[in-house]
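Computed from a predicted structure; not experimentally measured. Residue numbers begin at 1 in each chain, while the letters A, B, ... track the order of the sequences.
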2 protein chains.
Amino acid sequence: MQSKPTTIKEIAKILNISPSSVSRGLHDHPSIGAVTRDKIKQLAKSLNYEPNKAAILFQKGKTYTIGVILPELSEHFFSIAISAIEDEAIKKNYTVIFAQSHDRYEQEVKLVEKMKNQRVDGLLVSISKDTSNFDHFETLNSFNIPVVFFDRIPPFKNVHYVACSLETATVKAVTYLLRKGHRSIGMINGPNTLYASDERKDGYKLAITSNRLKFDPSLILNCDLTEQGTIDAAEKFLNHKRKPTAIVAFNDYVALFLIKYLKKLDIIHNFDIVSYANLPIIGYLDHSPIASVEQYPYLQGQKATNILLDLIHSPNVKHQAYYNTIVDADLIINDVRG
Amino acid sequence: MQSKPTTIKEIAKILNISPSSVSRGLHDHPSIGAVTRDKIKQLAKSLNYEPNKAAILFQKGKTYTIGVILPELSEHFFSIAISAIEDEAIKKNYTVIFAQSHDRYEQEVKLVEKMKNQRVDGLLVSISKDTSNFDHFETLNSFNIPVVFFDRIPPFKNVHYVACSLETATVKAVTYLLRKGHRSIGMINGPNTLYASDERKDGYKLAITSNRLKFDPSLILNCDLTEQGTIDAAEKFLNHKRKPTAIVAFNDYVALFLIKYLKKLDIIHNFDIVSYANLPIIGYLDHSPIASVEQYPYLQGQKATNILLDLIHSPNVKHQAYYNTIVDADLIINDVRG
DNA sequence: AAAAACAACGCAAACGTTTGATTAATTTTG
DNA sequence: CAAAATTAATCAAACGTTTGCGTTGTTTTT
């Protein structure tokens with residue numbers, strides 16, 4: 001009893017007109033009579049006609065689909081971002097397909113290929129941790145598939161991207177700690193492959209030097225963002241000749257690992273920690289960061305999607321201008337301490 | 001300079017053979033010579049040929065796409081689940097498209113329609129809070145689109161589903177509290193439209209009665225799962241003639257609202273709270289539930305996806321047997337208290 | 001040596017929709 | 001009233017791939 005979906009052809013046959021007329025009728029094409037148009041629409045509705053999207057996509061060479069590649073959907077930041085992407089896409093009648101790179105470069109390369117095969121109309125990408133080569137995105141260029149990077153973006157400007165000004169945010173964060181009287185501030189930074197790491201570093205430097213203090217590079221440690229990596233960094237700080245009294249953590253996960261470790265050593269009260277917001281309930285922690293950089297994932301997702309849709313709809317001319325959108329990050333002070 | 005993707009036709013023309021031969025060559029069809037097959041494959045590779053998926057989908061009437069409809073992607077449980085779904089789907093070369101009902105029935109109905117239009121090969125659904133009518137899924141039946149429900153499932157058995165035995169889990173939870181000496185245990189339950197609410201209620205009853213205690217229905221309160229709803233329920237418990245000493249919260253969000261409220265009143269220490277796991281770091285809370293029901297979202301997502309793919313690949317016969325898969329939930333005791 | 005079997009390929013239709021070109025019917029215009 | 005313009009509809013091709021069937025030419029079987 002499997003009923004096949006109604007087609008334009010069937011409607012045409014019943015009404016004794018041509019399929020093209022039906023198509024035009026359904027699309028309010030000017031060269032169709034009002035009477036037949038109404039008859040077509042009425043019958044279509046009563047037969048529960050649904051356009052066969054596969055056929056349309058095939059015919060038009062467009063898929064009305066945007067692809068999203070991100071490192072890890074279970075990370076709160078990305079789940080919020082893709083939630084925004086879907087909300088925004090559905091408004092414009094686009095469908096979202098997504099895939100996770102699981103922070104692996106090779107997987108990312110494969111997924112870009114896959115998305116290309118799927119003929120997505122555009123691609124939204126947050127690059128993986130260990131992506132330093134960006135050739136796989138070049139291909140998309142020649143196929144005229146626009147790409148907008150968000151949050152985790154490549155370290156150059158000649159691409160479209162939406163990201164936070166983490167530099168500015170970091171300046172705010174470090175300045176806040178300086179105002180609180182801290183004179184030795186450690187930073188557990190991410191890997192150097194990430195542009196986000198550069199920004200944090202630059203912000204740190206800028207905050208220090210513009211307060212006429214001397215910048216000590218050994219107070220910035222790189223970290224692979226794992227728990228062990230965080231512990232290693234923390235240990236180095238504990239043995240540092242200028243043992244920091246405050247630490248800027250790369251993100252809430254690092255902050256969490258750090259807090260866990262410092263709690264275990266029972267020295268958590270000797271430190272003020274500032275982090276970058278990833279987790280929704282970090283503020284409810286026993287010992288939580290005293291301030292957090294809010295990166296507005298929903299807003300980033302929204303903006304990236306709108307830019308992408310804009311590029312999709314814009315004429316095929318090579319853009320020489322790139323969207324380099326910066327979403328302001330804010331420092332959220334977490335007054336209530338546990 | 002926008003290069004169009006290579007097609008089978010072009011390959012055929014270059015090799016002076018027919019498109020059908022090229023197609024067969026690429027698919028290792030038996031009735032094609034080994035020599036030409038290799039020539040075809042070689043040329044295809046060198047021309048960077050990628051099959052036009054839209055065309056194939058159209059031709060075959062299959063999309064190799066599964067749709068996922070869930071209430072809210074930013075909820076941790078669902079972000080984990082869909083992460084599993086995608087991981088599982090990509091293994092079998094399926095693509096995932098998803099959409100959020102935002103817990104609204106009307107939206108869910110629309111999305112089911114949309115998914116049907118998209119001609120998904122199958123659908124994975126976690127139903128919205130206020131869905132009590134399930135007609136919109138009936139349509140899919142006649143179109144032979146299998147549906148597997150997961151986690152939030154309809155209150156009847158003649159559908160495919162994967163869910164937790166929340167009844168069993170609740171028995172475990174309440175029994176645990178009874179063993180700890182609690183004699184008045186409150187439950188902040190969800191809305192009655194959810195099957196999950198029934199299960200919790202049944203589990204509660206079962207635990208109480210099988211311990212030869214009398215069941216007091218007024219100790220189970222329904223809640224709309226909002227912060228205010230939680231507070232309302234909490235207030236009722238505080239004014240209850242048998243004021244509970246332990247509370248079973250519908251989920252971590254409710255627990256969070258509850259803890260916040262009880263902390264504000266500074267009576268948090270008078271209560272033991274048990275919850276159902278939604279949030280990754282609930283254990284790090286200042287005051288956290290003493291135990292948590294783990295529902296294994298990743299596992300549920302995996303199983304649901306595999307069942308769906310199974311149904312997709314199984315012959316079109318009407319199944320009279322339904323997959324009713326129960327994933328065991330575990331009670332995780334949270335020994336370390338803040 | 002004739003008949004049968006097989007291997008390797010081509011032909012053409014099909015999937016559902018859109019769209020430029022065309023025709024037929026009607027109305028307007030000088 | 002014939003010619004031109006307008007309206008309303010049809011025709012046919014196209015999008016890329018797959019697949020049942022038919023057609024060769026070659027090899028094996030009797």
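In this structure, A/Leu15 places its CG atom 15 Å from C1' of D/dT10, rounding to the nearest Å. Nucleotide D/dT18 holds its C1' atom 13 Å from the CD1 atom of B/Ile32, rounded to whole Å. Remark: P of D/dT18 and CG of B/Asp28 are 13 Å apart, rounded to the nearest angstrom. Look at NE2 on A/His29: it is 13 Å from C1' on D/dT10, rounded to the nearest Å. The interatomic distance linking A/Lys13 (NZ) with D/dT10 (P) rounds to 14 Å, in whole Å.
Nearest-nucleotide assignment on DNA chain C puts the 5′-proximal partner with B/Arg37, out of B/Phe58 and B/Arg37.
Of all non-hydrogen atoms in B/Leu124 and B/Ala304, the two that sit nearest each other are CD1-O, 3.8 Å.
B/Thr6 and B/Glu50 are not linked by any side-chain donor-acceptor pair at a separation below 3.5 angstrom, with hydrogens and angles left out of the test. Looking at B/His136 and B/Glu113, their side chains never bring a donor and an acceptor atom within 3.5 Å of each other. For the 3.5 Å distance criterion, the side chains of B/Ser128 and B/Gln107 fail to qualify, holding no donor opposite an acceptor.
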Indicate every side-chain donor-acceptor pair of residues 18-25 of chain B with a distance under 3.5 Å to a residue at least two apart or in another chain.
from, atom 1, to, atom 2, distance (Å)
B/Ser18, OG, B/Ser20, OG, 2.9
B/Ser18, OG, B/Ser21, N, 3.3
B/Ser18, OG, B/Ser21, OG, 3.2

In residues 51-60 of chain B, what donor-acceptor pairs under 3.5 Å come from side-chain atoms, sequence neighbours left out?
from, atom 1, to, atom 2, distance (Å)
B/Asn52, OD1, B/Ala54, N, 2.9
B/Asn52, OD1, B/Ala55, N, 3.2

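In this structure, A/Phe137 has its ring center under 6.0 Å from that of A/Phe149. Here B/Tyr161 and B/Phe150 keep their ring centres 6.0 angstrom or further from each other. The distance between the ring centers of B/His313 and B/Tyr94 falls below 6.0 angstrom.
For A/Ser21 and D/dT10, the shortest distance from a side-chain N or O to OP1 or OP2 is below 4.0 Å. The side chain of B/His27 contributes an N or O atom lying less than 4.0 Å from OP1 or OP2 of D/dT18.
For residues 139-160 of chain A, the salt bridge (Lys or Arg N to Asp or Glu O under 4.0 Å) pairs, not counting sequence neighbours, are A/Asp103-A/Arg152.
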Listing time: all N or O pairs from protein to nucleotides 20-25 of chain D that are below 3.5 Å?
from, atom 1, to, atom 2, distance (Å)
D/dG20, O6, B/Arg24, NH2, 2.4

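In this structure, B/Gly33 reaches the sugar-phosphate backbone alone: every heavy-atom distance under 4.0 Å involves primed, P, OP1 or OP2 atoms, never a base. When heavy atoms are screened at a 4.0 angstrom cut-off, A/Ser31 is found touching base atoms of the nucleic acid.
Around atom NZ of A/Lys13, no more than 12 heavy atoms belonging to other residues, nucleotides or ligands sit under 6.0 Å away.
When the local axes at the two ends of the helix from C/dA1-D/dT30 to C/dG30-D/dC1 are compared, using 5 base pairs at each end, they differ in direction by 50° after rounding to 10°.
If you walk DNA chain C from 5' to 3' and mark each nucleotide with an atom closer than 4.0 Å to a heavy atom of chain B, the marks span C/dA8 to C/dG16.
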